[in-house]
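To find a chain, count down the sequence lines: A is the first, B the second, and so on, and within it residues start at 1.
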Amino acid sequence: MDFISILSIFVMACFVGYYVVWSVTPALHTPLMAVTNAISSVIIVGALIAAAAGSQADGGQTAKWLGLVGVVLASVNIFGGFAVTERMLAMYKKKERK
Amino acid sequence: MMRNALIGAAALLFSTPALASSGEPVNPWVAAAYLVAGVLFILALRGLSSPESSRKGNRFGMVGMLIAVVTTLVTHSIASLPEIGVAILIGGGIGFVTARKIAMTDMPQLVAGFHSLVGMAAVLVGIAAYLNPGAFGILDATGEILTVSRVELGLGVAIGAITFSGSVIAFLKLNGNMSGAPIMLPLRHVINLGVLAGIIGLTAYFAIAPTVGTGPVFWTIVGLSFLIGFLLIIPIGGADMPVVVSMLNSYSGWAAAAMGFTLGNTAMIITGALVGSSGAILSYIMCKAMNRSFISVIAGGFGAESGPADGAAKIDRPWKRGSAEDAAYMMKQAENVIIIPGYGMAVAQAQHAVREMADLLKEEGVNVKYAIHPVAGRMPGHMNVLLAEANVPYDEVFELEDINSEFAQADVAFIIGANDVVNPAAKTDKGSPIYGMPVFDVEKAKTIFFVKRSMGGVGYAGVDNEVFYMDQTMMLLSDAKKMCEEIVKAL
């Protein structure tokens with residue numbers, strides 16, 4: 001993709017983010033942080049590419065190991081982030097109507 | 001100059017099929033899969049607009065992540081699948097167990113810790129891309145890293161490193177391994193601005209210099225960025241952590257977005273933009289709730305200047321001490337009780353005791369509501385999570401602007417572990433450091449119970465609180481949890 005297309009997606013996504021986040025109820029701001037944490041670990045895509053590439057190039061071997069460490073860190077976040085969000089959200093209950 | 005480089009690079013990208021040089025076919029289905037992942041992430045955040053839809057949203061997020069990971073694995077020739085599997089298992093295991101075991105009161109430090117991992121992952125990916133640019137498809141025809149990719153790499157690594165070291169400091173402060181008090185270095189503003197200028201200058205140089213020999217420049221950017229993250233956060237005090245944690249949340253998003261630009265990956269770009277704006281909005285909300293500018297929070301040192309010197313003179317004013325029995329009696333008679341929790345409730349782990357107390361009051365026919373200030377606690381929404389944990393229904397919990405008018409009808413305002421957010425000086429005393437901050441009108445309530453460990457401490461801002469000395473105020477000097485348990489007994 002060319003730079004301008006990418007930039008367009010980015011700018012649009014910023015606007016979407018702005019409106020979506022303002023609609024989040026303040027009571028759920030902590031789960032919001034936990035879940036944004038989990039999804040920002042989509043950076044694992046980059047780590048996977050580095051880890052998968054192997055050692056064709058000069059720096060490939062080092063890059064592979066850095067990628068693997070990146071995969072570990074991002075996985076901690078993905079599993080931890082989604083699990084802790086799920087745990088928190090399960091606690092929000094409405095008043096029991098009698 | 002950097003702008004010209006960017007425009008030039010963009011033109012370069014237009015004119016040459018840049019990705020073709022890396023041998024990566026541009027498959028529309030792959031692009032579509034990443035786009036779907038990105039949209040699912042948007043839906044994950046959208047779900048949080050109400051507690052009912054929130055869990056469905058979280059599932060969308062998980063599916064989105066699965067799609068992103070599987071797409072990446074399927075579309076790249078994998079030379080090391082077992083290692084990757086092991087890496088995911090190790091990381092996933094650690095993450096899952098941590099998420100299960102963590103106490104809800106420790107949520108702020110958990111989130112800070114998670115931020116540091118995203119930051120570090122971004123740095124590692126950036127370094128890997130620099131070492132093995134071919135695998136990332138960012139080489140031009142002559143085997144040099146594309147100029148625009150270098151800008152993205154430099155920025156991505158810098159933001160990632162700042163996120164990492166900043167979050168580590170935030171984690172240590174929140175977890176109590178490091179004093180929450182601001183640490184003030186002499187000339188810190190000059191040092192910080194110098195380091196920041198260095199990072200920007202070096203990134204610009206890194207972008208335009210030939211690839212060969214830029215190693216030291218790249219590593220210096222990484223090193224300086226780690227340093228500035230550390231320097232930026234040490235002068236910021238404990239109660240300003242909601243802003244800091246939100247800000248680092250935002251940074252972790254921008255770091256992911258920068259890497260997304262490098263890889264031309266829509267899932268990463270959309271996520272980065274979402275997380276970046278989310279963190280920025282939360283920081284804004286927190287700053288507004290303290291009536292402070294973002295700059296003044298980041299400059300740090302709040303609460304450090306006003307020492308105990310002037311506090312000593314005021315301590316002799318008359319105040320009334322109440323007992324658990326008084327509180328139980330008064331609240332049982334009351335029609336409306338508003339409970340205002342603060343960080344002290346979290347520290348004392350008193351949320352369950354508070355809920356028990358409220359349950360007993362409700363049985364007596366008392367109308368109990370909770371009032372939560374945006375900056376109560378150590379992260380946005382901290383008090384809401386704790387009350388939810390203690391099984392307080394979320395429709396009994398109200399935000400500042402929704403409940404503030406009800407204090408005039410309230411018979412009892414029960415303040416537990418909060419201080420600055422109920423200080424009327426924010427409305428009346430122009431000289432006060434918290435002047436202009438929106439606060440609860442507790443002084444309008446007929447009776448005020450103020451649970452506090454002792455008369456000594458005066459909140460984060462170090463400002464004396466007029467509420468202590470009011471006629472209708474009774475101080476309940478005790479540990480928050482113990483006091484609530486005693487009141488429960490007395491009821």
**Request:** Select one option (side chain, backbone, both, neither) describing which atoms of B/M259 are under 4.5 Å from chain A's heavy atoms.
**Result:** side chain
**From A/K64 atom NZ to B/I84 atom CD1, the distance as rounded to the nearest 0.5 Å** = 8.5 Å
**Fill in**
OG (B/S54) and CG (A/L28) are apart, to the nearest 0.5 Å, by 5.5 Å
**Request:** Give, for atom CZ of A/F10 and atom CE of B/M268, the distance between the pair rounded to the nearest 0.5 Å.
**Result:** 12.5 Å
**Between NE2 on residue B/H115 and OG1 on residue A/T36, distance to nearest 0.5 Å** = 5.5 Å
**Asked** When B/V385 is tested against each of A/M88, A/H29, A/R87 for side chain to side chain contact (heavy atoms under 4.5 Å, CB included), which residue passes?
**Response** A/M88
**Fill in**
Sorted by chain and number, sequence neighbours left out, side chain to side chain donor-acceptor pair (under 3.5 Å) with B/N391 holds for A/K93
**Request:** Heavy atoms only, distances under 4.5 angstrom: which of A/N37, A/I43, A/L7, A/V21 has the most pairs with chain B? Name it, please.
**Result:** A/N37
**Message:** Can you tell me which portion of B/V123 sits under 4.5 Å from chain A's heavy atoms? Options are side chain, backbone, both or neither.
**Reply:** neither
**Request:** Tell me, out of B/G381, B/P51, B/G93, B/G92, who's got the most heavy-atom pairs with chain A below 4.5 Å.
**Result:** B/G92
**Asked** Rounded to the nearest 0.5 Å, how far does CZ of B/R55 lie from OG1 of A/T85?
**Response** 11.5 Å
**Fill in**
Under 4.5 Å to a heavy atom of chain A? For B/M62 that would be both
**Item:** Heavy-atom neighbours of B/K362 NZ exceed 12 at 6.0 Å
**Value:** yes
**Asked** Which one, A/G67, A/S40, A/A83, leads in non-hydrogen pairs under 4.5 Å with chain B?
**Response** A/S40
**Largest heavy-atom contact set with chain A, pairs under 4.5 Å, which of B/I88, B/I270, B/L89** = B/I88
**Message:** Less than 4.5 Å to any heavy atom of chain B: does that hold for the side chain of A/L68, its backbone, both, or neither?
**Reply:** both
**Message:** For A/Y92 and B/Y394, take the angle between the two ring planes, folded into 0 to 90°, and tell me which bin it lands in: parallel under 30, tilted 30 to 60, perpendicular over 60.
**Reply:** tilted
**Fill in**
Given A/C14, A/P31, A/G70, the one with more heavy-atom pairs under 4.5 angstrom with chain B than any other is A/C14
**Message:** Given heavy-atom pairs under 4.5 angstrom as the criterion, report whether the side chain, backbone, both or neither of A/A38 touches chain B.
**Reply:** backbone
**Complete:** Sorted by chain and number, sequence neighbours left out, side chain to side chain contact (heavy atoms under 4.5 Å, CB included) with B/R100 holds for B/F96
**Item:** Parallel, tilted or perpendicular, as decided by the 30° and 60° cut-offs, for the rings of B/Y284 and A/W22
**Value:** perpendicular
**Asked** Side chain, backbone, both or neither: which part of B/T75 has a non-hydrogen atom closer than 4.5 Å to chain A?
**Response** neither
**Item:** Residue pair A/L48, B/V69: steps toward the side-chain contact (heavy atoms from CB on, under 4.5 Å) verdict
**Value:** CA-CA 8 Å; A/L48 286 171; B/V69 170; 3.9 Å; yes
**Request:** Test side-chain contact (heavy atoms from CB on, under 4.5 Å) on B/I42 and A/V20 and set out the steps.
**Result:** CA-CA 8 Å; B/I42 295 175; A/V20 169; 4.1 Å; yes
**Taking every non-hydrogen atom, the tightest pair across A/G17 and B/S277** = CA-OG, 3.7 Å
**Request:** Let me know if B/V397 has heavy atoms under 4.5 Å from chain A in its side chain, its backbone, both or neither.
**Result:** neither
**Message:** Given heavy-atom pairs under 4.5 angstrom as the criterion, report whether the side chain, backbone, both or neither of B/E389 touches chain A.
**Reply:** both
**Message:** Taking OH in A/Y18 as the centre, count heavy atoms belonging to other residues, nucleotides or ligands within less than 6.0 Å. Is the count above 12?
**Reply:** no
**Request:** Please state whether the side chain, the backbone, both or neither of A/V69 comes within less than 4.5 Å of a heavy atom of chain B.
**Result:** both
**Item:** Contact summary for B/P380 and A/M33, nearest pair of heavy atoms
**Value:** CD-SD, 3.7 Å
**chain A contact via B/L110 - side chain, backbone, both or neither, heavy atoms under 4.5 Å** = side chain
**Prompt:** Among B/M104, B/E52, B/R46, which residue forms the greatest number of heavy-atom pairs with chain A at distances under 4.5 Å?
**Reply:** B/M104
**Item:** Selection from B/S116, B/A99, B/G113, B/A256 maximising heavy-atom pairs under 4.5 Å formed with chain A
**Value:** B/A99
**Residue A/I39 versus chain B: region with a heavy atom under 4.5 Å** = both
**Asked** Would a distance-only check, ignoring hydrogens and angles, find a side-chain to backbone donor-acceptor pair under 3.5 Å from A/T25 to B/S50?
**Response** no
**Request:** Please look at B/E83 and chain A and tell me whether the side chain, the backbone, both or neither of the residue comes under 4.5 angstrom of a heavy atom of that chain.
**Result:** both
**Selection from B/T271, B/L274, B/I127 maximising heavy-atom pairs under 4.5 Å formed with chain A** = B/T271
**Prompt:** Relative to chain A, which segment of B/K101 carries a heavy atom at a distance below 4.5 Å: side chain, backbone, both, or neither?
**Reply:** backbone
**Request:** For a side chain to side chain contact (heavy atoms under 4.5 Å, CB included) with B/N265, tell me which candidate from A/I6, A/V42, A/V45, A/I49 qualifies.
**Result:** A/V45
**Engaged part of B/L81 at the chain A interface, taking heavy atoms whose separation is under 4.5 Å** = neither
**Item:** Distance in Å, B/N132 CG paired with A/T62 OG1, rounded so as to fall on 0.5 Å steps
**Value:** 9.0 Å
**Asked** Among B/S49, B/A121, B/G126, which residue forms the greatest number of heavy-atom pairs with chain A at distances under 4.5 Å?
**Response** B/S49
**Prompt:** When only pairs under 4.5 Å are counted, which of A/T30, A/V11, A/V84, A/I78 shares the most heavy-atom pairs with chain B?
**Reply:** A/T30
**Complete:** Given A/V16, A/V35, A/L73, A/I44, the one with more heavy-atom pairs under 4.5 angstrom with chain B than any other is A/L73
**Asked** So what's closer than 4.5 Å to chain A heavy atoms on B/L387: side chain, backbone, both or neither?
**Response** neither
